[in-house]
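Down below is the structure, laid out as structure tokens.
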Amino acid sequence: MKKREQFTGRLAVVLAMAGSAIGLGNIWRFPYLVGQNGGAAFILVYILACALLAIPVFLSECVIGRRSGSSTFGAMRKLAPGSNYRWAGLVTVITPVLLLSFYSVVGGWSVDYLLKACTLRFTQDSAGVFEELLSSTWEPIFMHTAFMVGTAIVILLGVKKGIERFTKVTMPLLFILIIIIVVFGLTLPGAGKGVEYLVKPDFTKITPSVITSAMGQAFFSMSLGVGTILTYASYVSKEENLMVSAGGTAVFDLLFAVLAGFAVMPAVFAAGIQPGQGPGLLFDTLPYIFSQMTPWLGAVISILFFLSVLVAALTSSISLLEVGVAYLVEEKGVSRTKATIGLGALVWAIGVACSLSGGFFDFLDHLCSDWLMPFGGLLFAMFVGWKMSKADVRDELTNGGTRNRILFNVVYFLIRYIAPIGILGIFLTILLG
Ligand code: PHE
């Protein structure tokens, strides 16, 4: 058997996982959910959902991936031959296809905004840019197509190395740009209201649907329940300290989202935009921020910003398409080219429907984030907590008993009890409520 490739060292692992995790979920989805779900209270629930549900699932996927050294289907076969858990592989085929179809529409919006930034559109008063984009039928579809073609080309050429090199520059750049935007946003008149909105929780705002959205967002943002993290972890060498590198990535993902919230929300209030308007929030707010900067600065920052957003979105979308392609290639013997084109075309077609119908877009978004991803995560956590032997799990998370020994007990408890009960409990509340 061919020896499987492995990531070289901590940086490569963290970058690949972070590349998948950090994307439109942090920059686009998180701020608008904060706005829809009542600000600071949502952020608190979100942090809890990350700590109690998502991070344990993240580590579960890492354990399964590294222990088995294979992607989802193979992993289940290897670690629990003949058990019904093999069907868990299915969530990793269906969910990414549905998810990528609307993700790619938003990816298309970013392409559109990058082009607009390059033509200096954001240096003038740019209120209504987003409405303009959405009111056209063909422009968003064209941009969605471009984004999907770009994703497919990366998968086909296997230019992951190139992407990785690119990511090493754009990820830190995105981080720095967000900080610049936060600082600038805070100086806008009226921004204080936005800060208050982000830090002063109103606990009466916490409802079952807020909790569901927070859980869904935690899974969405950390790329969970679709086999991506599992597959990436299968490339991690045995010497690597999973708990620290993978856990660190998850924490970083959370920080990134909160930072994006602070980049967007103060400006929302400064500009008098409705915080609860939904998916268009980021795309309505940013033009306002850029137009308030000195023109040359607005031009430079907007171009760099959308370029980085696009790369962040691409490193996530390739990780989504790759799960399905790998399944078709490894399990069904389809050629890589055929798998990529076939699956890409399917995703594209569903995406066109999303682009044309906001209702369908919302439906798929909620179906994937609030149901399918937590469901996949539930299966992974139960597999690690109840199906695998505790000794094996300990071996993976403590590097053979040499590290994180105390932390392990906490994490194992979360994986075995808290995460599954929490996810099931939230599902039940919604179903019965
Ligand atoms: N985590 C990505 C983001 O935040 C989206 C994603 C989900 C990527 C699932 C891969 C798998 O944008």
Side-chain angles (χ1 to χ4, degrees), residues 14-34 46 49-50 54-55 57-58 61-62 65 71-72 91-110 147-148 151 154-155 160 163 167 170-171 174-175 178 213-233 246 249-261 279 282 308-327 343 347 364-377 380:
V14 172
L15 278 180
M17 287 190 183
S20 169
I22 295 174
L24 296 170
N26 309 60
I27 307 160
W28 155 72
R29 203 169 184 275
F30 182 76
Y32 98 67
L33 283 180
V34 170
Y46 177 72
C50 287
I55 292 180
V57 168
F58 196 103
E61 289 202 28
C62 289
S71 54
T72 318
V91 285
T92 74
V93 179
I94 299 166
T95 319
V97 169
L98 297 179
L99 200 119
L100 185 52
S101 63
F102 69 84
Y103 199 87
S104 167
V105 171
V106 186
W109 296 345
S110 330
F147 184 82
M148 226 16 247
T151 304
V154 177
I155 296 279
K160 280 224 194 99
I163 279 282
T167 318
T170 51
M171 282 291 180
L174 188 61
F175 201 70
I178 290 229
S213 299
M215 168 175 80
Q217 172 60 16
F219 281 83
F220 186 103
S221 190
M222 291 186 191
S223 305
L224 300 176
V226 297
T228 302
I229 297 301
L230 192 158
T231 307
Y232 278 7
T249 311
V251 172
F252 190 66
D253 181 73
L254 167 65
L255 280 181
F256 213 110
V258 174
L259 208 53
L282 176 82
S308 313
V309 168
L310 198 57
V311 176
L314 269 176
T315 52
S316 301
S317 65
I318 54 175
S319 79
L320 275 164
L321 190 58
E322 178 67 30
V323 210
V325 169
Y327 163 75
L343 216 52
V347 168
L364 275 191
D365 186 344
H366 286 296
L367 177 69
C368 292
S369 323
D370 299 351
W371 293 96
L372 297 175
M373 301 175 89
F375 178 69
F380 293 137

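Along the sequence shown, residues are numbered consecutively beginning with 1. Order of listing sets the numbers, starting from 1, for every ligand and every atom in it. Please read all numbers here as calculations on a predicted model, not as lab measurements. All heavy atoms count here, side chains included; hydrogens, waters and symmetry mates do not.
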Please list, in number order, the atoms of ligand 1 under 4.0 Å from a heavy atom of [X].
X	result
S20	1 (N), 2 (C), 8 (C), 10 (C)
L24	12 (O)
T228	10 (C), 11 (C)
M373	7 (C), 9 (C)
V226	9 (C), 11 (C)
S221	1 (N), 4 (O)
G23	3 (C), 4 (O), 12 (O)

Close approach, R29 and ligand 1, non-hydrogen under 4.0 angstrom: no
Heavy-atom gap W28 to ligand 1 smaller than 4.0 Å: no
Parallel, tilted or perpendicular, as decided by the 30° and 60° cut-offs, for the rings of W109 and W28: perpendicular
Which segment of S223 sits under 4.0 Å of ligand 1 when only heavy atoms are counted: both
Under 3.5 Å, is there a donor-acceptor pair between the side chain of [X] and the main chain of [Y]?
X	Y	answer
D370	L367	no
E61	T231	no
S20	M17	no

Nearest neighbour of atom 7 (C) of ligand 1 from the list F220, F256, Y232, F30, on a heavy-atom basis: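 When every heavy atom of F220, F256, Y232, F30 is considered, F220 comes closest to atom 7 (C) of ligand 1.
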side-chain contact (heavy atoms from CB on, under 4.5 Å) between T151 and S104, worked out: CA-CA 9 Å; T151 304; S104 167; over 6 Å; no
Any N or O of A21 closer than 3.5 Å to N or O of ligand 1: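 Indeed, backbone or side chain, A21 has an N or O that close.
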Polar atom proximity, I22 to ligand 1 (N or O, under 3.5 Å):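 Between I22 and ligand 1, no N or O pair is found under 3.5 Å apart.
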Reported CG-to-CG distance for the pair L24 and L310, which is rounded to 0.5 angstrom: 8.5 Å
Nearest-0.5 Å distance that lies between atom CZ in F147 and atom OG in S317: 3.5 Å
Donor-acceptor side-chain pairing of S223 and T228 below 3.5 angstrom: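 Absent: no donor and acceptor within the cut-off.
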Heavy-atom closest contact (Y103 atom, G25 atom, distance): OH-N, 4.2 Å
Protein heavy atom at shortest distance from atom 12 (O) of ligand 1: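 Sorting protein heavy atoms by distance from atom 12 (O) of ligand 1 puts Y103 OH, 2.5 Å first.
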